[in-house]
Participant: 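The structure is given below, and queries will be raised subsequently.
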2 protein chains.
Amino acid sequence: MSSLTRDIESYIRELFEEAQEHQLSLRRKELAERFGCVPSQINYVLASRFTPERGYLVESQRGGHGYIRIMKIRFANAEERISHLDDLVGNAIGEQDARRLLTSLQERGLLTPRERLLIEVSLRYLDEICRTPFDVSPYKRDVMQAELLKRMIRGLVLA
Amino acid sequence: MSSLTRDIESYIRELFEEAQEHQLSLRRKELAERFGCVPSQINYVLASRFTPERGYLVESQRGGHGYIRIMKIRFANAEERISHLDDLVGNAIGEQDARRLLTSLQERGLLTPRERLLIEVSLRYLDEICRTPFDVSPYKRDVMQAELLKRMIRGLVLA
DNA sequence: ATCCATATGGTCAAAATACGTCAAGAAACG
DNA sequence: CGTTTCTTGACGTATTTTGACCATATGGAT
């Protein structure tokens, strides 16, 4: 049940909590040694867990005194937040991706479990009627799902 | 009278009771082996029994260290309230009636403003697509709205 | 100033692992 | 006896882990 990637992710999150900062710096090699893995494993963790989609940006520098800096994304206003979230949803989104996004939003505290449940119910129903009474193509279904999802998210941000 | 699906469903419910947690993790392959069935049978059980409409959310991850996580959002036994609310929604509900009902639920503290917003956004979108791409009759639109509303309410108002 | 040794981090792809989708046929139901 | 629900299996996709090889920054030597 535990995995290297998840362990490293947890460790980095702990560092964030301890630091109480919106950004922190790491040494790739050091971190890899701490977890007894190859350095590129760290890149994998960053690429899969500390993405803009999950609210993070990563910068790095090579060479002597190299570093990896992870930053939490901050928004100046609701509009920025909305456009960020709109981008995450995109023009079309499938069931799996939608669920993943909702998971991430819940983890970020932007959504309560009940709100997430409401969203999932409505997405499912939309998908269902698109299939059965109407016969919408898979891609069009994803476009419609994306539209509904974006509207709900926009509403929540402004609420 | 017993069936594979029901057996697996019962088993998962037992796990919830034992764990006394609102969420639990499974391995699809393991579970399939325990019940001597193909792994996709597990997907069927999840898709038909642990839906958001029934108060559950399911997350999963593929690949190494993959898992299936089931979360119980719904609060225990509130069947009476479900049927009561179903009656309130009825077979078909128009925009005006729907709004009245939501107002009442919100006033009774069964719904937060954000949750209500989500419901209204999705109902409005449903209505919109029923008119424009598809050309659903007014009555049918009301039926579909009622159905979506009922599903959302069933999913979460229970406590 | 330039070169180069050293110290970092980056990319990519293969292999292993685990879950998802879909549709056809069987079974149960009313 | 038609409809819904269940079961199965073939095929598809996603994630993790590792390692070989690539790119870049720094600082001291020339």
Side-chain angles (χ1 to χ4, degrees), chain A residues 1-12 24-51 53-54 57-70 93-101 103-104 120 123-124 127-128 130-133 135-139 141-142 145, chain B residues 1-12 24-51 53-54 57-70:
Chain A
M1 181 50 198
S2 93
S3 84
L4 184 50
T5 294
R6 285 195 279 265
D7 291 346
I8 296 171
E9 177 190 3
S10 298
Y11 177 72
I12 295 174
L24 59 78
S25 288
L26 301 173
R27 295 294 178 97
R28 189 177 79 149
K29 194 178 163 189
E30 223 179 60
L31 198 49
E33 272 164 10
R34 174 185 294 267
F35 284 92
C37 64
V38 296
S40 61
Q41 177 72 34
I42 307 304
N43 294 81
Y44 178 71
V45 174
L46 296 174
S48 63
R49 302 293 201 271
F50 294 88
T51 60
E53 181 172 351
R54 296 183 183 218
L57 292 176
V58 176
E59 289 177 356
S60 64
Q61 188 165 67
R62 310 185 191 191
H65 308 300
Y67 60 83
I68 291 176
R69 177 155 50 224
I70 310 175
I93 192 167
E95 187 183 325
Q96 285 298 310
D97 286 338
R99 199 140 53 196
R100 181 179 303 284
L101 175 58
T103 298
S104 153
E120 293 213 11
L123 289 179
R124 282 168 56 89
D127 194 68
E128 184 179 314
C130 279
R131 287 170 189 263
T132 319
D135 196 51
V136 181
S137 73
Y139 177 71
R141 290 203 301 266
D142 287 355
Q145 279 205 345
Chain B
M1 190 52 196
S2 107
S3 82
L4 186 48
T5 294
R6 279 191 282 269
D7 290 346
I8 296 172
E9 178 188 2
S10 300
Y11 178 71
I12 293 175
L24 56 80
S25 287
L26 301 174
R27 307 230 176 179
R28 191 178 76 149
K29 194 176 159 193
E30 237 178 47
L31 198 49
E33 272 164 10
R34 172 184 297 267
F35 285 92
C37 63
V38 295
S40 60
Q41 177 71 34
I42 307 304
N43 293 81
Y44 179 73
V45 175
L46 296 174
S48 61
R49 303 293 200 270
F50 295 89
T51 62
E53 288 85 347
R54 297 182 182 211
L57 293 175
V58 176
E59 294 174 357
S60 65
Q61 189 166 56
R62 307 187 192 185
H65 305 286
Y67 61 83
I68 291 176
R69 176 156 51 223
I70 310 174

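Computed over heavy atoms, backbone and side chain alike; hydrogens, waters and symmetry mates excluded. Below, chains carry the letters A, B, ... as their sequence lines are ordered, and counting in each starts from 1.
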Participant: So which nucleotide from dT7(D), dG9(C), dG10(C) ends up closest to the side chain of N43(A)?
Facilitator: dG10(C)
Participant: Are OP1 or OP2 of dA7(C) and a side-chain N or O of R62(A) less than 4.0 angstrom apart?
Facilitator: no
Participant: Return the value, rounded to whole Å, for the distance between atom CZ of R6(B) and atom P of dA27(C).
Facilitator: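 In whole Å, dA27(C) P and R6(B) CZ are 15 Å from each other.
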Participant: Taking atom CZ of R69(A) as the centre, report whether more than 12 heavy atoms of other residues, nucleotides or ligands fall under 6.0 Å from it.
Facilitator: yes
Participant: Is the shortest side-chain N/O distance from R28(B) to OP1 or OP2 of dA14(D) below 4.0 Å?
Facilitator: no
Participant: Can you check whether H65(B) has a side-chain N or O nearer than 4.0 Å to OP1 or OP2 of dT17(D)?
Facilitator: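 For dT17(D), OP1 or OP2 has a side-chain N or O of H65(B) closer than 4.0 Å.
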Participant: Measure the distance from OH on Y67(A) to C1' on dG10(C) and round it to the nearest whole Å.
Facilitator: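 Computing the Y67(A):OH to dG10(C):C1' distance gives 15 Å.
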Participant: Would you please confirm or rule out a distance under 4.0 Å between OP1 or OP2 of dG20(C) and any side-chain N or O of Q61(B)?
Facilitator: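 For dG20(C), neither OP1 nor OP2 has a side-chain N or O of Q61(B) closer than 4.0 Å.
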Participant: Below the 4.0 Å mark, does dT7(D) have OP1 or OP2 next to a side-chain nitrogen or oxygen of T5(B)?
Facilitator: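 So the side-chain polar atoms of T5(B) do come within 4.0 Å of the phosphate oxygens OP1 or OP2 of dT7(D), strictly under.
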Participant: Does Q41(B) place a side-chain N or O at less than 4.0 Å from the phosphate oxygens OP1/OP2 of dG9(D)?
Facilitator: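 Checking dG9(D) against Q41(B), no side-chain N or O comes under 4.0 Å of OP1 or OP2.
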Participant: In terms of side-chain heavy atoms of K29(B), which of dC22(C), dC19(C), dT8(C) is nearest?
Facilitator: dC19(C)
Participant: Check this one for me: any side-chain N or O of R100(A) less than 4.0 Å away from OP1 or OP2 of dT15(D)?
Facilitator: yes
Participant: Looking at S60(A), does any N or O in its side chain come under 4.0 Å of the phosphate oxygens OP1/OP2 on dG10(C)?
Facilitator: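 It does, given that an N or O in the side chain of S60(A) lies less than 4.0 Å from OP1 or OP2 of dG10(C).
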Participant: CD of E33(B) versus C1' of dC19(C): gap in Å, rounded?
Facilitator: 14 Å
Participant: Whether the side chain of S40(A) and the base of dG9(C) hold a donor-acceptor pair under 3.5 Å is what I'd like checked.
Facilitator: no
Participant: Output the rounded distance in Å from CZ (F50(B)) to P (dC19(C)).
Facilitator: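 Atom CZ in F50(B) sits about 17 Å away from atom P in dC19(C).
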Participant: Any idea which of dT21(C), dG10(C), dA18(C) is nearest the Q96(A) side chain?
Facilitator: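 Shortest atom-to-atom distance from the side chain points to dT21(C).
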Participant: Which whole-number value in Å describes the distance from E9(B) CD to dT5(D) C1'?
Facilitator: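 Those two atoms, CD and C1', are 13 Å apart.
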Participant: So, does Y44(B) get its side chain near the phosphate of dT7(D), meaning an N or O under 4.0 Å from OP1 or OP2?
Facilitator: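 No, because none of the side-chain N or O atoms of Y44(B) sits under 4.0 Å from OP1 or OP2 of dT7(D).
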Participant: With distance as the sole test, does S3(B) use its side chain to make a donor-acceptor pair with the main-chain N or O of R6(B) at under 3.5 Å?
Facilitator: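 Yes; at least one donor-acceptor contact below 3.5 Å.
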Participant: If the threshold is 4.0 Å, N to carboxylate O, is there a salt bridge linking E95(A) and R99(A)?
Facilitator: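 Salt bridge present between E95(A) and R99(A).
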Participant: Between G63(B) and G64(A), name the one whose nearest nucleotide on DNA chain C is closer to the 5' end.
Facilitator: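 That would be G64(A).
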Participant: Do R28(A) and N43(A) touch side chain to side chain, with heavy atoms closer than 4.5 Å?
Facilitator: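 They are in contact (side-chain heavy atoms under 4.5 Å apart), so the answer is yes.
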Participant: Which nucleotide sits closest to the side chain of S48(B): dG20(C), dC19(C), dC6(D)?
Facilitator: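 Nearest to the side-chain atoms of S48(B), counting from C-beta on, is dC6(D).
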